[in-house]
Amino acid sequence: MNEIAALTPTSMQQKLNQWVEHYRQYTNEGACASYIPALKKADLNSLGIYMLSDDGIQLKSGDTEQSFTLQSISKVLSFIHACSSHGISHVLEYVDVEPTGDAFNSIFRLELSHPGRPFNPMINAGAITVASMLPGQSPDEKVDGLLCLIEKMVGRKPRINEEVFLSEWGTANRNRSLAYWLKETGFLLCPVEDAIEVYLRLCSIELCIADMAKIGLLLARDGIQPGTYRHVFSKEIASLTKTLMFTCGMYDYSGRFAAFVGIPAKSGVSGGIMAAIPSGAAMPSNNRPDSGPWGIGVYGPSIDKFGNSIAGVKLLKRLAKEWDFRLL
Ligand code: GLN
């Protein structure tokens with residue numbers, strides 16, 4: 001029996017353990033996000049991964065128990081919720097689907113482009129617009145709608161980390177600038193302070209990597225819940241969201257991540273990465289014991305200059321290559 005044919009969940013688990021310990025050393029090369037004061041408290045050397053397959057294979061390694069705030073990963077969820085509530089075409093009147101190649105919180109393209117529609121919902125400008133259009137009259141109602149959607153996805157209603165929210169609320173000058181600009185150009189559908197409150201509360205939702213893997217798997221399964229076979233969101237929304245993750249999900253590293261890792265993923269500055277591996281995405285291969293969809297959650301709060309988990313990206317690159325998870 002050759003080594004490839006011997007690949008089993010047990011041998012995958014062993015590999016994963018080796019890789020997590022190997023890539024953990026790179027956490028020293030990054031730093032925890034400091035522009036949101038409360039995020040500085042994270043343990044720089046943490047690294048954990050959780051993988052879930054359609055067939056119920058669960059692989060986990062490293063620091064798997066920690067909860068962390070979603071930060072930009074929430075942009076995926078708010079986009080899904082806005083599209084489910086208003087329809088894709090209505091949402092796309094207010095936010096485009098073009099990558100920018102700019103930092104996630106960049107403002108300058110908003111003025112350069114006409115009529116000023118934010119480039120995509122995975123950057124701050126687009127996500128603030130999306131937050132402003134969520135259903136509900138008040139920030140509380142808008143946020144609660146998203147928490148209910150997450151409850152359907154992971155089986156419990158998550159909490160909001162109030163300390164992280166307040167820490168960012170007090171320092172969100174750049175996000176407020178984006179929101180004022182969007183208001184000026186007609187791309188903000190509620191008052192500025194309400195939109196910022198909703199956006200920042202969504203960034204402060206706390207989940208763990210097992211939850212990320214569940215949501216990633218749900219995306220990979222085109223929105224169909226394992227077990228109940230109910231659609232939590234439509235296939236069209238799932239396809240569009242995965243495409244946006246692939247093209248825009250890793251900030252101004254998105255092109256390189258697509259080229260060299262090759263899977264749809266979304267990161268947050270707290271160090272989380274959520275990935276969705278659709279079924280049949282890779283070439284048929286002996287390297288995968290299970291060719292069905294997978295969801296992956298990674299946490300490693302030491303981030304690089306783009307805002308992505310430094311060790312998390314390396315870990316995903318390794319396993320996408322070794323296990324043929326690449327889309328193309
Ligand atoms: N709350 C963060 C911000 O708005 C989210 C950014 C991120 O994760 N890249 O700056």
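Both ligands and their constituent atoms are indexed starting at 1 by order of listing.
Between the side chain of Q71 and the backbone N or O of G272, no donor-acceptor pair lies under 3.5 Å. T64 places no side-chain N or O within 3.5 Å of a backbone atom of S61 that could act as its donor or acceptor partner.
Under the 3.5 Å distance criterion, with hydrogens and angles disregarded, no donor-acceptor pair is assigned to the side chains of Y35 and E168. Inspection of the E21 and N17 side chains reveals no N or O donor paired with an N or O acceptor under 3.5 Å.
Cluster partners of F108, by chain and number: L112. The rule joins Ile, Leu, Val, Met, Phe, Trp and Tyr whenever side-chain heavy atoms lie under 4.5 Å apart.
Protein residues with a heavy atom closer than 4.0 Å to ligand 1 are Y35, I36, Q71, S72, F104, N124, E168, N175, Y199, C203, Y251, G268, V269, listed by chain and number.
Of the residues listed (T129, N175, N105), the one engaging N124 in a side-chain hydrogen bond (donor to acceptor under 3.5 Å, both in side chains) is N175, and it is the only one.
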